[in-house]
Amino acid sequence: MSNFNIRTLNQNDWSTYRELRLRSLQDSPDSFGSSYEKEFCFSRDEWASRLDLDNMVESALPLIAELNGVAVGLAWGIQHNPQDKTAHIYQMWVSPNARGQGVGSLLLKNIIAWSNELNLDYVSLAVTTINKTAVELYKAYGFEADGALEDLREGSELLVQPMKLKLCAIAPNRN
Ligand SMILES: CC(C)(COP(=O)(O)OP(=O)(O)OC[C@H]1O[C@@H](n2cnc3c(N)ncnc32)[C@H](O)[C@@H]1OP(=O)(O)O)[C@@H](O)C(=O)NCCC(=O)NCCS
């Protein structure tokens with residue numbers, strides 16, 4: 001496997017985060033509830049405040065994957081409030097030239113490990129039903145369909161499947 005590094009983003013990374021997030025929205029518009037057009041207009045302060053982890057109500061883990069210093073992957077884990085025993089995964093994306101080499105798995109493993117450290121019971125996400133690669137990735141880690149299909153976003157015909165991982169039920173063939 002190539003030499004990928006996973007690290008947590010901080011406020012100083014706002015422009016790297018902006019670039020990566022906008023690339024993901026351009027590359028994979030059917031994978032996200034938000035859109036390039038919407039987030040392109042965000043100000044510098046909005047990007048930086050998303051990474052201001054000390055002043056958030058949520059507990060958040062914004063992860064970037066880098067290959068030789070070049071950003072190739074992004075994913076967030078968020079616990080929306082301390083009473084919520086579920087971590088939510090958002091913004092998962094790997095650059096097309098880095099796919100199929102385990103980066104998505106690595107990001108997922110890090111969020112699952114963080115969720116375990118927080119003593120949570122579940123990790124949840126929503127994946128577009130036609131996104132077979134992502135569905136297979138999540139199933140390989142023990143995620144199961146959880147509830148009815150929902151609209152990806154207003155005006156889209158695409159549907160997302162909520163999926164949930166019970167944290168004590170991680171697939172045994174993964175480490
Ligand atoms: C989904 C995505 C994040 C996966 O990233 P990745 O780095 O390519 O994933 P990995 O290399 O870790 O692959 C992990 C698993 O995904 C599944 N997978 C990957 N490529 C696949 C393919 N072409 N067909 C079927 N399953 C595939 C497999 O289960 C694979 O496990 P394996 O390595 O044992 O075969 C990436 O394809 C992506 O960014 N897609 C566009 C954005 C997106 O869909 N985000 C998810 C939003 S919910």
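First listed ligand is number 1; within each ligand, the first listed atom is number 1.
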Asks: If I apply the N/O under 3.5 Å rule, does S105 come out as touching ligand 1?
Replies: yes
Asks: N/O of V127 under 3.5 Å from N/O of ligand 1, yes or no?
Replies: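 No, no N or O pair falls under 3.5 Å.
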Asks: Does the side chain of L108 come within less than 4.5 Å of V123's, by heavy atoms?
Replies: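 When only atoms from C-beta onward are counted, L108 and V123 do not touch, as no gap falls below 4.5 Å.
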Asks: Give a yes or no answer on whether the side chain of R99 reaches the backbone of V94 with a donor-acceptor pair at less than 3.5 Å.
Replies: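 Yes; judged by distance alone, with no hydrogens or angles, the pair exists.
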Asks: What pair of heavy atoms forms the shortest contact from F32 to S24, and how long is it?
Replies: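 Result for this residue pair: CE1-O, 3.7 Å.
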Asks: Compute the ring centroids of Y17 and W76, then answer whether they are less than 6.0 Å apart.
Replies: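 Aromatic pair counts; centres sit under 6.0 Å.
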Asks: Please identify which atoms of ligand 1 are closer than 4.0 Å to at least one heavy atom of Q101.
Replies: 11 (O)
Asks: If you measure every N or O of F32 against every N or O of ligand 1, does any of those distances drop under 3.5 Å?
Replies: no
Asks: Heavy-atom pairs closer than 4.0 Å: do any link ligand 1 to the side chain of Y90, the backbone, both, or neither?
Replies: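 Within the 4.0 Å criterion, Y90 makes no contact with ligand 1.
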Asks: Does L125 have a heavy atom less than 4.0 Å from any atom of ligand 1?
Replies: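 Outside the 4.0 Å threshold, so no.
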Asks: If you count the atoms of ligand 1 from 1 in the order shown, which ones are under 4.0 Å from a heavy atom of V94?
Replies: 3 (C), 5 (O), 7 (O), 38 (C), 39 (O)
Asks: Is there a nitrogen or oxygen of W93 sitting under 3.5 Å from a nitrogen or oxygen of ligand 1?
Replies: no
Asks: Could you tell me which atoms of ligand 1, counted from 1 in the order shown, lie closer than 4.0 angstrom to a heavy atom of N131?
Replies: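 Those atoms are 43 (C), 44 (O).
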Asks: Nearest 0.5 Å, please: how far is CD in E58 from CG in L53?
Replies: 10.0 Å
Asks: Once rounded to the nearest 0.5 Å, what's the spacing between atom CG of L158 and atom CG of L149?
Replies: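 Rounded to the nearest 0.5 Å, the CG-CG separation comes out at 11.5 Å.
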Asks: Find the distance between OG1 (T128) and CG (L159) and round it off to the nearest 0.5 Å.
Replies: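 Separation between the atoms: 9.0 Å.
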Asks: Using only heavy-atom distances, determine whether the side chains of S95 and N97 contain a donor-acceptor pair under 3.5 Å.
Replies: yes
Asks: Provide the number and element of each atom of ligand 1 under 4.0 Å from a heavy atom of E136.
Replies: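 Counting atoms of ligand 1 from 1, those under 4.0 Å from E136 are 26 (N), 29 (O).
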Asks: So which heavy atom on G147 is nearest to which on P162, and how close?
Replies: O-CD, 4.2 Å
Asks: So which bit of S28 gets within less than 4.0 Å of ligand 1, heavy atoms only: side chain, backbone, both or neither?
Replies: side chain
Asks: Which atoms form the tightest heavy-atom contact between R50 and M56, and what is the distance?
Replies: O-CE, 2.6 Å
Asks: Please identify which atoms of ligand 1 are closer than 4.0 Å to at least one heavy atom of G102.
Replies: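 Near G102, meaning under 4.0 Å from one of its heavy atoms, ligand 1 has 10 (P), 11 (O), 12 (O).
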Asks: Side chain, backbone, both or neither: which applies to L137 and ligand 1 if a contact is any heavy-atom pair less than 4.0 Å apart?
Replies: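 For L137, backbone and side-chain atoms both sit under 4.0 Å from ligand 1.
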Asks: When you look for heavy atoms under 4.0 Å from ligand 1, do you find them on the side chain of A126, its backbone, both, or neither?
Replies: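 Only the backbone of A126 comes within reach of ligand 1.
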Asks: In terms of atom number and element, which parts of ligand 1 are under 4.0 angstrom from non-hydrogen atoms of M92?
Replies: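 Numbered from 1, ligand 1 contributes 3 (C), 42 (C), 43 (C), 45 (N), 46 (C), 47 (C).
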Asks: Give the numbers and elements of all ligand 1 atoms closer than 4.0 Å to a heavy atom of V103.
Replies: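 Those of ligand 1 that fall under 4.0 Å from V103 are 7 (O), 12 (O).
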